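The structure presented is a predicted model; accordingly, all values stated were derived computationally and were not measured.
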Amino acid sequence: MSTLVRLRHASVACRVHAHTVLQRRPLTAPTVTPVAFAKLDGGGQLAQITLQNPRANLFDHRSLQALDAAMDAVESSDVRGLVLRSAVPGFFSAGFNLPALHRVDRSGFEGLWVLGKRVFRRIYALPVPSVAAIDGHALGLGCVMAMACQRRFMVTADRPALIGLNEVAVGMPVPEWLATRFRDLTSNAAAEALLPSGATLSPERAHAIGLVDQVFASGDAMHAAIQAEFQQTKVSSFAQQQTIRGLRRQFLDYFDACFDQDTEQFWHAISSAETQTAIGQALAQLKAKSKS
């Protein structure tokens with residue numbers, strides 16, 4: 001049985017603890033709120049998952065479990081759409097909690113990496129329209145989860161924000177499947193220009209290359225547009241879902257075929273002395289910045 005199939009049957013807990021980039025602090029609240037469902041005029045419901053880890057919505061094993069559990073609720077309900085958003089000012093998500101990847105053993109890495117890919121796949125494979133509502137930074141795995149959605153909306157004026165796959169900037173390669181998804185959304189030229197340097201983009205530039213679909217002057221304007229778009233949906237649910245499944249099948253077949261090979265390859269990459277040194281240096285820089 002493949003790793004992906006085994007994980008499909010895994011049960012997960014909803015309540016998690018937040019991890020800062022530099023230390024661990026217990027929280028009494030979950031890092032993902034219970035899924036909210038709103039009735040749509042055309043029938044069905046709109047599901048909303050809200051990330052609320054106060055430490056920049058960093059992802060570790062427990063917070064990924066919470067997001068995975070939220071997808072259980074979405075998949076078991078009659079939904080016509082999904083919105084993935086954040087309640088943390090200034091951040092959609094800052095990505096992986098780097099200490100979880102520093103000096104990690106193989107078992108710890110595989111548990112984290114496979115779960116992250118599982119959550120990405122579940123969002124991507126959902127056969128209804130999905131929107132990442134981005135009001136703040138979406139970096140690394142934060143950008144990845146946004147890329148799992150069908151569309152990405154982003155705020156430009158409330159506060160400065162960046163989006164992008166910055167893995168190379170902190171010493172990690174971009175997996176081939178993720179580079180493929182980025183290239184599908186943008187272009188081969190954009191992928192070649194941006195991914196090897198770990199570049200991040202303003203909302204306006206991300207919109208120009210296709211990584212972001214629409215930009216808004218405020219969070220209120222963005223959320224109003226999302227609600228209006230879903231409320232106006234009048235098409236057949238069956239026809240829409242079958243079409244989305246067909247559109248996404250080719251990438252999912254590719255993703256599944258390379259799932260275990262990717263995990264093996266990335267373990268060798270993340271455990272290399274060069275990558276671990278780079279992650280250690282990035283952590284040192286963050287620690288120095290936090291003291292200044």
Side-chain angles (χ1 to χ4, degrees), residues 1-27 30-32 49 51 53 55-72 84 91-124 138-148 165-178 181 255-256 258-280 282-283 286:
M1 183 180 292
S2 71
T3 304
L4 180 60
V5 173
R6 288 198 302 271
L7 276 175
R8 284 178 180 153
H9 299 284
S11 62
V12 294
C14 290
R15 293 190 172 270
V16 300
H17 295 288
H19 288 242
T20 73
V21 171
L22 300 174
Q23 62 184 19
R24 180 179 301 174
R25 294 182 183 179
L27 293 176
T31 59
V32 176
I49 297 176
L51 309 175
N53 183 341
R55 299 298 177 182
N57 280 328
L58 290 168
F59 285 113
D60 57 17
H61 194 273
R62 292 178 178 179
S63 54
L64 284 169
Q65 283 183 323
L67 185 51
D68 197 43
M71 288 303 299
D72 287 341
L84 181 62
F91 289 94
F92 179 78
S93 170
F96 265 128
N97 181 26
L98 275 182
L101 296 173
H102 190 221
R103 298 173 182 171
V104 64
D105 62 22
R106 181 160 187 154
S107 176
F109 163 77
E110 289 186 351
L112 184 67
W113 191 249
V114 170
L115 181 57
K117 290 195 296 183
R118 166 191 162 91
V119 173
F120 168 89
R121 189 194 190 283
R122 294 184 76 179
I123 297 172
Y124 183 87
L139 306 173
L141 189 56
C143 182
V144 174
M145 293 305 175
M147 289 167 58
L165 299 176
N166 63 335
E167 281 80 355
V168 171
V170 295
M172 295 183 291
V174 176
E176 184 176 334
W177 61 268
L178 183 53
R181 174 62 177 155
F255 182 86
D256 292 345
C258 70
F259 194 97
D260 290 335
Q261 182 181 6
D262 166 79
T263 302
E264 180 72 18
Q265 290 176 341
F266 212 79
W267 161 246
H268 288 295
I270 204 73
S271 62
S272 71
E274 183 176 356
T275 300
Q276 286 298 308
T277 297
I279 293 175
L283 287 171
L286 287 167

[X] versus [Y], closest heavy-atom pair with distance:
| X | Y | result |
| --- | --- | --- |
| A278 | G171 | CB-CA, 3.6 Å |
| P173 | F266 | O-CE1, 3.2 Å |
| V32 | A66 | CG2-CB, 3.8 Å |

Judged by atom type as modelled, is there a donor-acceptor pair below 3.5 Å linking the side chain of [X] to the main-chain atoms of [Y]?
| X | Y | answer |
| --- | --- | --- |
| Q65 | D60 | no |
| N53 | L58 | yes |
| T275 | M172 | no |
| R122 | D68 | yes |

With the side chain counted from C-beta on, respond yes when [X] and [Y] share a heavy-atom pair under 4.5 Å apart, and no when they do not.
| X | Y | result |
| --- | --- | --- |
| L141 | S93 | no |
| L98 | L286 | yes |
| I123 | M71 | yes |
| L51 | F59 | yes |
| C143 | F92 | no |
| F96 | V170 | no |
| M145 | L64 | yes |

Distance in Å, [X] [atom1] paired with [Y] [atom2], rounded so as to fall on 0.5 Å steps:
| X | Y | atom1 | atom2 | answer |
| --- | --- | --- | --- | --- |
| L165 | L178 | CG | CG | 5.0 Å |
| F109 | H268 | CZ | NE2 | 10.0 Å |
| I49 | L67 | CD1 | CG | 5.5 Å |
| I270 | E167 | CD1 | CD | 9.5 Å |
| T263 | E110 | OG1 | CD | 6.5 Å |

Inset, instruction - Verify the neighbour count for atom CZ of R106: are there more than 12 heavy atoms of other residues, nucleotides or ligands below 6.0 Å? - result: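 Yes, CZ of R106 has more than 12 neighbouring heavy atoms, counting only those of other groups under 6.0 Å.
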Legend entry - CD (E264) with more than 12 external heavy atoms under 6.0 Å: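 Above 12, so yes.
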Inset, instruction - Check step by step if side chain to side chain contact (heavy atoms under 4.5 Å, CB included) holds for L101 and W113. - result: CA-CA 10 Å; L101 296 173; W113 191 249; 5.7 Å; no
Inset, instruction - Please find out if less than 6.0 Å separates the ring center of Y124 from that of F255. - result: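 So the answer is no for these two rings.
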Inset, instruction - Run through R121, R118, K117 and flag the one making a salt bridge (Lys or Arg N to Asp or Glu O under 4.0 Å) with D256. - result: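 Between D256 and the candidates, salt bridge (Lys or Arg N to Asp or Glu O under 4.0 Å) is satisfied uniquely by R121.
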